[in-house]
Amino acid sequence: MAAGARRPSADHADLASERSRLWRLLLWPPFVIALALLVLPQAVFVWMSFHKSLGMGLVSDFLTIENYRRVLTDPFYLHAMWMTFYLSLGATLINLALALPTAYYLARLRSRWVSYFVVLLLVSLFVTVVIKVLALYLVLGKEGMINHTLRALYLISEPVQMLNSQLGVLIGLVQYTLPLLVMLMIGVFQTIPSSLEDAAEVHGATWFSSLSRVVLPLAWPGVIAGSLIVFNMNMGAFTSAVLLGGGRVLTFPVLIHRKVILDVDYAMGATLSTVLLVFVLLVNLASVLLLRERRGSGSQRAATVHVS
Amino acid sequence: MAGVVFEGVSKLFGDIAVVRDLNLEVRESEFLVLLGPSGCGKTTTLRMVAGFIVPSAGTIRIGGEDVTRLPPRARNIGMVFQDYALFPNMTVAENIGFGLRERKVEKSALDRRVAELLELIRLPHLAGRFPSELSGGQQQRVALARALAYSPRVLLMDEPLGALDLKLREAMQIELHRMQRELRITTIFVTHDQEEAMGLSDRIVVMADGQVQQVGSPEDLYTRPANPFVANFIGKINFLSGEVAAVEGGRCTVRLADQATVSGIAQDRCQAGQRAQIAIRPEALRLIEPGSAEFANRLPGRVKRRRFFGNIVHYSVATASGQELLVESTTGAGTVALEQTVWIGWQPELTLIYPGAATAHAAQAASPSPAGSLA
Amino acid sequence: MTGMLRDWRLMRNGFLLAVTLFVYLFLLGPVVVIAVASLESSMAYHFTLTPENPSLRWYFAIPGKYLHAFGVSFLVASISALIATALGAMAALGIVRGQSRGAQLLQTFFRLPLQIPLVVTGVVFLQFYYLLFDLLGVSLLGKLAGVVTAHVFITIPYNVSTVAVVLMRTGTRLDEAAESLGATPWSAFRRVTLPAMKPGLFVGLFYSFIISFGDVPVTVFLAGSGFVTLPVEIFHTLQFDWEPAVLALSTLVVLFSFALIVVVQRVVGLDLVVPQSRR
């Protein structure tokens, strides 16, 4: 009886695994392409960083760690790295402060306005960063909207310098990544059923404690994942840094761009890029480990409960 | 413990009145069920008691206190949600202790109370588990314990058994009934399942289109439904329609389309010449010998279908006017062949006459288990 | 006590609404300022609420190189979005339907490009193309193929996850239903799975297009004379000189984006466009 019952299901399992094998074949082309694009160029590139620049885009035949020694000891580069980090972190934190309430509001809004809000958000996401920078020129510049308004109100007599400064770059970074973070956070809050908040409230929780004890712990993995994406984008963003920093805010991406395009020093450009990449990967890794440490096995559960 | 009183409570969403002028008293320690088809306003009513929805008009009192505009956390009520809404980031024990922690209950007292509740729901071995590791029935019980932990004045339940399978649902009904009797907590329970409502409640409030159709004990609703909607919504029932031919006292005689007459108890003021609905429970109908004078109401018909359920048999009998009547008879009362011509007889005392009512069809459409669909 | 509930809710929602409106003002206000400024006919810019001499002058004076660059961008974005979506869909099918062991690891692998700062990716591909030229004599710099390859690399992650989400949501039950009704596996795929994947494909296509169309940090290293995308062309303009027609051009690009989004909203709706970031 037992054997008779098992037989058809075994056949079925075979058929299913046969199917799976066919599907898995599909995995190969994208896998190989992605791997090739990831590994080959990176390898060439890291190789390059161990050479000495001979000027005019030429590099030495011998290997050296001189470039790394310079980047990791020269206060100029260390300061650049520190500035890149704190501008990116600052922009990410400002983004979070703005994106969390906005995304929460939109995710909980039961109204036909939601789709208009989302469309506008997409427009902002879609508008290329150079156009955003151009817009910030018009708003923050000496003859721009803010200075013009402040002067019209006699609050200032001389225009406030906002472009060509760290403040300008910071605002540019926030402009660049905010719409994406809001979008990601809407996704996070939508997976948290509002009945959980109702339950917290009816069982005696204030809004604050329902947020801190229920909503945020559940949103936490998503918030971290989203923040890391945005942080990475900020670390690699040089459009706003080049244009709004006006050559005065030398973040790593700006330096890389200069070394490669203006100085044609490929070896140094490669070294700076490798250092930036390793730094970013370390920050990501550290955050993931920290998150795991903090939440233990609970986060796994938090992430899997919303299936029903 | 406390009762809940609704005084002229209405709720409008835009122009649509979801609840209209609700006046109702839920007595202390009572198990009251709000029953109705989806969209009848029962959940809105419950959420107004909880404080998630502010009424557009009227007052809600709990234990005499006006809570109409109090936020949910200040009402001291317990609630079990349809999807349980257990906090996935907390263990079973933390979930149950949630309300106590919000009330700043001291740690040792909190632990004691949580242990007590785990005992009550018979899950003390699962204290450290997370909700995602529990079965549906276990989650349901944890949600109940969480709602009871701080001894709320009122317990609200929003279709809490809807997600469980039939066997488990029946077991939970018995469990719920036991706990409610034990704790004597005022309970308002929302469901669209009339069997669940009948099995659990002291009293049932039948709602439709945002209005109360009838309030009463399960027996009241079954034997004396106030209108065809309630008659149809609670249990199975047959409808016939005709014109009032004669009225005497509380009795009323109705002439059907084929000129046959049926008499019964008028449920409202009758006038000769008026249209009327006749409602008869399937078990009141009997298959009788032609010419038997045992029953005052008699109709001939032809057996169309026979369905056997063990202790009972259902016959669908087509009358001369083309309507099909459902007859429920006990097994062993003799079998009747299909297409055989039979007589159906029943007592006028078990016949409900609703003068002027033309809503039976609408009611049938809204009902989950109309007798007509069996035919 | 009376009025407590409503007041509290109002305050909470008021605070949230205020932040939301500020965010939208911050994000879209500057774009509106561009549109207004583009109507100003004078050469130099200074802020005014309404243009002093409103005209569409600059709209007819957009230099040809920008229009050409727009064409380049459109071409690059379309081709790389199509390739990335095809590859991403294959990967997602392989991971989800293939029930691959280490599915989590594979998903992480396909998301790796997101971890690499874009400027690094740009320099990496630049060096790689130099080497290819040295070794094979094939130059990809300033060529469609070169830019598209790099764009495919940075957009694959989005496609893998959007399609995977849709596939996991659908499951295999519909396929089985189709086969139980007599469909061959291939026609079950074509008639059931593929339509079910469509929203995911469409959204992936949309995201890839956006990213490719707007990219500066990668493309600025790979574009060359005669083959420059629009954002890079504007970037050079902003970096080195000023051209008032850029305002008009930007306004047109924003309107184009808006139209594209409305099309997407009409075709697939928006619920999928909002990414489920907890993957």
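Lettering follows sequence order; numbering is per chain, from 1.
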Heavy atoms from other residues, nucleotides or ligands near CZ of C:Phe109 exceed 12 (cutoff 6.0 Å): yes
Please look at A:Tyr176 and chain C and tell me whether the side chain, the backbone, both or neither of the residue comes under 4.5 angstrom of a heavy atom of that chain. side chain
If you take all heavy atoms of C:Ile234 and C:Ser250, which pair is closest and at what distance? CD1-OG, 4.5 Å
So which part of C:Leu106 gets closer than 4.5 Å to some heavy atom of chain A, the side chain, the backbone, both or neither? side chain
Working for ring pair (Phe, Tyr, Trp, His ring centres under 6.0 Å), residues C:Phe213 and C:Phe256: CA-CA 12 Å; C:Phe213 191 84; C:Phe256 165 75; 5.7 Å; yes
Give the member of A:Leu121, A:Thr128, A:Thr102 that has the highest number of heavy-atom pairs under 4.5 Å with chain C. A:Thr102
Which atoms of C:Leu27 are under 4.5 Å from chain A, going by heavy atoms: the side chain, the backbone, both sets, or neither? both
Using a 4.5 angstrom heavy-atom cutoff, name the option from A:His257, A:Met233, A:Met235, A:Lys132 with the most pairs to chain C. A:His257
Bottom line for C:Leu28: the part with an atom under 4.5 Å from chain A's heavy atoms is side chain
Looking at chain C, which one of A:Leu106, A:Leu120, A:Val127 has the largest number of heavy-atom pairs inside 4.5 Å, strictly under? A:Leu120
Answer with side chain, backbone, both or neither: which region of A:Val123 has an atom nearer than 4.5 Å to a non-hydrogen atom of chain C? both
Could you tell me how the ring of A:Phe238 sits relative to the ring of C:Phe221: parallel (under 30°), tilted (30 to 60°) or perpendicular (over 60°)? parallel
Where is the tightest heavy-atom contact between A:Ala107 and A:Ile186, given as atom of each residue plus distance? CB-O, 4.1 Å
Whether the side chain of C:Ser73 engages the backbone of C:Phe70 through a donor-acceptor N/O pair (distance < 3.5 Å, no angle test) should be reported. no
Between A:Leu281 and chain C, which part of the residue has a heavy atom less than 4.5 Å away: side chain, backbone, both or neither? side chain
Heavy-atom distance under 4.5 Å to chain C: side chain of A:Leu243, backbone, both or neither? side chain
Counting C-beta onward and ignoring hydrogens, is there a side-chain heavy-atom pair between A:Arg258 and A:Val242 closer than 4.5 Å? no
Which answer fits A:Leu35, side chain, backbone, both or neither, if we ask what part of it has an atom under 4.5 Å from a heavy atom of chain C? both
Under 4.5 Å from any heavy atom of chain A - which part of C:Leu112: side chain
C:Asp215 and C:Thr229: side chain donor to acceptor below 3.5 Å: no
So which part of C:Tyr24 gets closer than 4.5 Å to some heavy atom of chain A, the side chain, the backbone, both or neither? side chain
Between C:Phe258, C:Phe110, C:Phe22, who has the most heavy-atom pairs with chain A when the cutoff is under 4.5 Å? C:Phe110
State, to 0.1 Å, how close C:Gln107 and C:Ala164 come at their nearest heavy-atom pair, and which atoms those are. NE2-CB, 4.1 Å
Among C:Gly88, C:Pro113, C:Pro30, single out the residue with the greatest number of heavy-atom pairs under 4.5 Å to chain A. C:Pro30
Choice from C:Leu126, C:Ile211, C:Val220 maximising heavy atom contacts with chain A below 4.5 Å: C:Val220
Sort A:Leu134 into side chain, backbone, both or neither according to what part of it lies under 4.5 angstrom from a heavy atom of chain C. both
Name the orientation class of the two ring planes belonging to A:Trp28 and A:Phe31 (parallel below 30°, tilted from 30 to 60°, perpendicular beyond 60°). perpendicular
Please identify, among C:Thr149, C:Ile116, C:Leu16, the residue contributing the most non-hydrogen atom pairs under 4.5 Å to chain A. C:Leu16
Contact origin within C:Leu230 toward chain A - heavy atom pairs under 4.5 Å: neither
Just how far is it from atom CE of A:Met183 to atom CG of A:Leu178, taken to the nearest 0.5 Å? 12.0 Å
Does A:Phe252 offer a backbone N or O that forms a donor-acceptor pair with the side chain of A:Thr84 under 3.5 Å? yes
Is a side-chain donor or acceptor of A:Arg24 paired with a backbone partner of C:Gly98 at a separation under 3.5 angstrom? yes
Relative to chain A, which segment of C:Val253 carries a heavy atom at a distance below 4.5 Å: side chain, backbone, both, or neither? side chain
Look at A:Gly236, A:Ala103, A:Pro179 and state which one has the largest set of heavy-atom pairs under 4.5 Å with chain C. A:Gly236
Under 4.5 Å from any heavy atom of chain C - which part of A:Tyr104: side chain
Counting only non-hydrogen atoms closer than 4.5 Å, does C:Val246 touch chain A with its backbone (N, CA, C, O), its side chain (CB onward), both, or neither? both
Toward chain C, the part of A:Ile171 with a non-hydrogen atom under 4.5 Å: both
Side chain, backbone, both or neither: which part of A:Leu125 has a heavy atom under 4.5 Å from chain C? both
Select, from A:Leu38, A:Ile256, A:Asn234, A:Val129, the one with the greatest count of heavy-atom pairs under 4.5 Å involving chain C. A:Leu38
Hey, is the main chain of C:Phe209 close enough, under 3.5 Å, to the side chain of C:Ser212 for a donor-acceptor pair? no
Determine the interplanar angle of the C:Phe125 and C:Tyr129 rings, folded into 0 to 90°, and report it as parallel if under 30°, tilted if 30 to 60°, perpendicular if over 60°. perpendicular
Name the region of A:Ile261, side chain, backbone, both or neither, that has any atom closer than 4.5 Å to a heavy atom of chain C. side chain
Is the closest side-chain donor-acceptor distance between C:Ser208 and C:His151 under 3.5 Å? no
Heavy-atom pairs under 4.5 Å with chain A are the metric here; pick the option from C:Val32, C:Val123, C:Val152, C:Thr121 that has the most. C:Val123
